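Atoms considered below: every heavy atom in the structure, side chains included; atoms not considered: hydrogens, waters and symmetry mates. Small disclaimer: the values here were computed from a predicted structure and weren't measured. Lettering of chains follows the sequences in order, A, B, ..., and the numbering in each one begins at 1.
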Protein chains: 2
Amino acid sequence: MSVTQPVHPDNASKDRLRLWLRMLKASRMIETQLRENLRAEFQSTLPRFDVMAALSRYQDGLKMSQLSDVLRVSNGNVTGIVDRLADDGCVVRVPVPGDRRASLVRLTKRGHEEFAVQAKAHEDWINDILSEFSANQAVTVSGHLDALVTALEGKAP
Amino acid sequence: MSVTQPVHPDNASKDRLRLWLRMLKASRMIETQLRENLRAEFQSTLPRFDVMAALSRYQDGLKMSQLSDVLRVSNGNVTGIVDRLADDGCVVRVPVPGDRRASLVRLTKRGHEEFAVQAKAHEDWINDILSEFSANQAVTVSGHLDALVTALEGKAP
DNA sequence: AGATTATACTTGAAGTCTAAAATATTTTTA
DNA sequence: TAAAAATATTTTAGACTTCAAGTATAATCT
């Protein structure tokens, strides 16, 4: 009498690998598309948009290190992006009273207006790109990914 | 008489946006993790790994232009990555008989060995990172993403 | 054949990204 | 309080990236 046993005991590993490769491919394609749209319509870039989006969520402003934390890009990187946004008058660096090392980065009025327009366009682009997913599917997969992100954050906080 | 109508007629748009933001976040976290692992364990990088993975799938070797095609990175970019891999003795440029412009890039014996180890580690890392997903879930979500990728490829070929 | 066009690749400029070193400024410790 | 440790940010070095221009070679046209 034989015991029923899968030929590939750890097939799950391959399935997960495939999932990752698909996810990577999809993300890159979407990113490329968004990058193109941002450049064509607003002469802007994804990193700039990301920074503005973060600042838009935190009306009181964020310190450089908090920004790089939220955006998960390196510290030194944020410097350049914020520099350029400041040049364009979209953000300002506000000194933090009592700590001369730090400064808060905040959206200017112009930055807010600019971002409002871009955010709307961005949502429309995504809605179009992801039309493949129904609202229900979107919610379901979001849930999985959220759990994944939470798990990852728990591993190396 | 009032008609029953949802307050947010295009809620799906928000759901899809959330899906994208989660996907982006998850992808970036995973990429960062992989990058770190590759650097710490193999003193290598993601682009290098990608090139070796491609060459591993095409045992007969790939021309530079084919490589840049498969990897979807620019032509000039591949030159540098292959240069460095060649310096490390992981790949060689083999002249194509009958066409002195082109050369085939192939993994060396050392490159093959190196990649075998890295690929195994890579799969294990992913299996660990994505342990949140069951094999079934992985397959299901893969399916959605695949459909998405196909749809995207159909839009701008 | 000789001139044009196309292909394969490399080079160079300009910019982005990460990780790590350097700087400046608190905060903590002995 | 002086020294050490921690924090916030910038600077730097080097890999990666694209795009445009350049070089060499091959294929095509007249």
From [options], pick the nucleotide closest to the side chain of [X]?
X: A:Met64; options: D:dA8, C:dC9, D:dT9; answer: D:dT9
X: B:Thr79; options: D:dT9, C:dC9, C:dT10; answer: C:dT10
X: A:Arg84; options: C:dA20, D:dT9, C:dT16; answer: C:dT16
X: A:Arg100; options: C:dT26, C:dT18, D:dA15; answer: C:dT26
X: B:Thr45; options: C:dT16, D:dC16, C:dT18; answer: D:dC16
X: B:Ile81; options: D:dT9, D:dC16, C:dC17; answer: D:dC16
X: B:Ser74; options: D:dC19, D:dA8, C:dA19; answer: D:dC19

TODO: Carefully, step by step, assess B:Gln33 and B:Ile129 under the rule side chain to side chain contact (heavy atoms under 4.5 Å, CB included).
DONE: CA-CA 9 Å; B:Gln33 187 67 58; B:Ile129 290 172; 3.7 Å; yes
TODO: Would you kindly confirm whether B:Trp20 and A:Val149 end up in one hydrophobic cluster when ILVMFWY residues are joined by side chain heavy atoms under 4.5 Å apart?
DONE: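 Result: yes, single cluster for both.
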Task: Donor-acceptor contact below 3.5 Å, side chain A:Asp99 vs main chain A:Arg101 - done: yes
Task: Donor-acceptor contact below 3.5 Å, side chain B:Ser68 vs main chain B:Ser74 - done: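 A pair under 3.5 Å: no.
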For [X] and [N], give me the distance from atom [atom1] to atom [atom2], rounded to whole Å.
X: B:Phe42; N: D:dA15; atom1: CZ; atom2: P; value: 20 Å
X: B:Leu62; N: C:dC9; atom1: CG; atom2: P; value: 10 Å
X: B:Asn37; N: C:dT18; atom1: CG; atom2: P; value: 16 Å
X: B:Leu38; N: C:dC17; atom1: CG; atom2: P; value: 20 Å
X: B:Gln33; N: C:dA19; atom1: CD; atom2: P; value: 11 Å
X: B:Phe49; N: D:dC16; atom1: CZ; atom2: C1'; value: 18 Å
X: B:Arg28; N: C:dC17; atom1: CZ; atom2: P; value: 9 Å
X: A:Asp83; N: C:dT16; atom1: CG; atom2: P; value: 11 Å

[X] near the nucleic acid: base, sugar-phosphate alone, or nothing, with a heavy-atom cut-off under 4.0 Å?
X: B:Gly80; value: nothing
X: B:Thr32; value: nothing
X: B:Val73; value: sugar-phosphate

At under 4.0 Å, does any side-chain N or O of [X] touch on OP1 or OP2 of [N]?
X: A:Arg39; N: C:dG15; value: no
X: A:Asn77; N: C:dT16; value: no
X: A:Arg35; N: D:dT18; value: no

Open item on the list: Base of C:dT26, side chain of A:Arg101 - is there a donor-acceptor contact under 3.5 Å?
Closed with: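 Such a pair does not exist between side chain and base.
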Open item on the list: Can you work out whether B:Arg48 or A:Asn75 has the more 5'-proximal nearest nucleotide on DNA chain D?
Closed with: A:Asn75
Task: Heavy-atom side-chain proximity of A:Asp124 to A:Lys120 below 4.5 angstrom - done: yes
TODO: Quickly, which of B:Arg110, B:His112, B:Gln118 forms a side chain to side chain donor-acceptor pair (under 3.5 Å) with B:Glu114? Name it, please.
DONE: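 Going through B:Arg110, B:His112, B:Gln118 one by one, the side chain to side chain donor-acceptor pair (under 3.5 Å) with B:Glu114 is satisfied by B:Gln118 alone.
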